[in-house]
Amino acid sequence: MSGELLFGIHSIDAALTNDPKNILELYFETDSQNARVKELSERARDLGLKPHARPRDALDRMTGGARHQGAVARYRAPPPRAESELYELVEKAEKDTLLLVLDGVTDPHNLGACLRSAEGAGVTAVIVPKDKAAGITPTVRRASSGAADRVAFFAVTNLARTLKALKDRGVWLVGLADDAGQDFYKLDLKGPLAIVMGSEGEGMRRLTSEACDFLAHIPMRGAVESLNVSVATGVVLFEALRQRGA
């Protein structure tokens, strides 16, 4: 059967909560003693789905030995969002607009963790380039603990053009760079804002960096020179949230 393979309690829970109509097939471990698995099975039946019971070794084979926690689904992922919808969200949020731009994050676990922080911070949308960057995959869904299904996610063809369009709509762009002179904590992060993060190894691309209104760094005291991109994303988003009166 076609469809994306989802597995793990958080991923299945998010699909049941946010998009049950696109669950094609649902499998739970036979006689599972996990209370969460039992609860998910009952919810699925209440939603009109017919989950199948399968022994653990069958689920192991289905997922290639990945940690599925006794819950697996075939899922028809929704189509990518149109970029025009991004601008509609920005116009609707007005001064409360808070965007996360990830310029070339390629590790799905990092992307999933970034989406989790973004959802927790209440971002308006997450924006990534279509090329040379991770998209929404089963691994990302699992790493995000369901946030991938709750955050507006846009993969855009031309990131520099999208950033310009956001600036034209009054959104300020703050980019994070280790070599920037400005202390991130000294910036005013209120109002329509996009936080721009670079890739794991190379940071922001030149055109992305040049599009930013401000470049800043997270001050570090220890011997470590920089933070993992997902950790840094959490730091900056929740500082923005604090300033904005969370």
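FYI, side chains are in, hydrogens and waters are out, and symmetry mates aren't considered; it's all heavy atoms of this structure.
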Is any side-chain heavy atom of Met204 less than 4.5 Å from a side-chain heavy atom of Val196?
yes
Would you mind reporting whether Thr139 and His109 have side-chain heavy atoms less than 4.5 Å apart?
yes
Which value, rounded to the nearest 0.5 Å, describes the distance between Asn22 atom CG and Arg76 atom CZ?
4.5 Å
Tell me, do Lys167 and Trp172 make a side-chain contact under 4.5 Å, heavy atoms counted?
no
With no hydrogens and no angle check, do the side chains of Gln182 and His217 hold a donor and an acceptor under 3.5 Å apart?
no
At what distance, to the nearest 0.5 angstrom, does CZ of Phe28 lie from CZ of Arg56?
13.0 Å
If we only count heavy atoms from C-beta on, is the Phe153 to Arg81 side-chain gap below 4.5 Å?
no
Have a look at Leu115 and tell me which of Asn110, Leu100, Val126 forms a side-chain contact (heavy atoms from CB on, under 4.5 Å) with it.
Val126
At their closest point, which heavy atom of Ala143 faces which heavy atom of Pro108, and how far apart are they?
CB-O, 4.3 Å
Any side-chain heavy-atom pair from Ser199 and Asp103 closer than 4.5 angstrom?
no
Report yes if some heavy atom in the side chain of Leu111 is under 4.5 Å from a heavy atom in the side chain of Leu102; otherwise report no.
yes
Do you know the tightest heavy-atom contact between Met62 and Tyr27?
SD-CD1, 3.9 Å
Using a cut-off of 6.0 Å, state whether more than 12 heavy atoms not belonging to Asp31 lie near its atom CG.
no
Quick one: does Glu200's side chain have a donor or acceptor within less than 3.5 Å of a partner on Asp107's backbone?
yes
What residue among Leu26, Leu40, Val72 forms side-chain contact (heavy atoms from CB on, under 4.5 Å) with Pro51?
Leu26
Residue pair Ser145 / Arg150: nearest heavy atoms and the distance that separates them:
O-NH2, 3.5 Å
Do the side chains of Val151 and Arg116 get nearer than 4.5 Å, heavy atoms only?
no
Measure across Val174 and Cys212 and return the closest heavy-atom pair with its distance rounded to 0.1 Å.
C-SG, 4.5 Å
Quick one: closest heavy-atom pair of Pro138 and Glu4, and the distance?
CG-CG, 3.4 Å
Between Glu25 (side chain) and Ala73 (backbone), is there a donor-acceptor pair under 3.5 Å?
no
Measure across Tyr87 and Ala165 and return the closest heavy-atom pair with its distance rounded to 0.1 Å.
OH-CB, 3.4 Å
Do Asn34 and Ser32 have a side chain donor and acceptor closer than 3.5 Å?
no
Side chain to side chain, Thr124 and Lys92, heavy atoms closer than 4.5 Å:
no
Could you point out which residue of Leu215, Val235, Leu189 forms a side-chain contact (heavy atoms from CB on, under 4.5 Å) with Phe184?
Leu189
Just verifying a value: how many Å separate Asn158 CG and Glu83 CD, rounded to the nearest 0.5 Å?
8.5 Å
Nearest-0.5 Å distance, CD1 of residue Ile218 to CG of residue Asp183:
10.0 Å
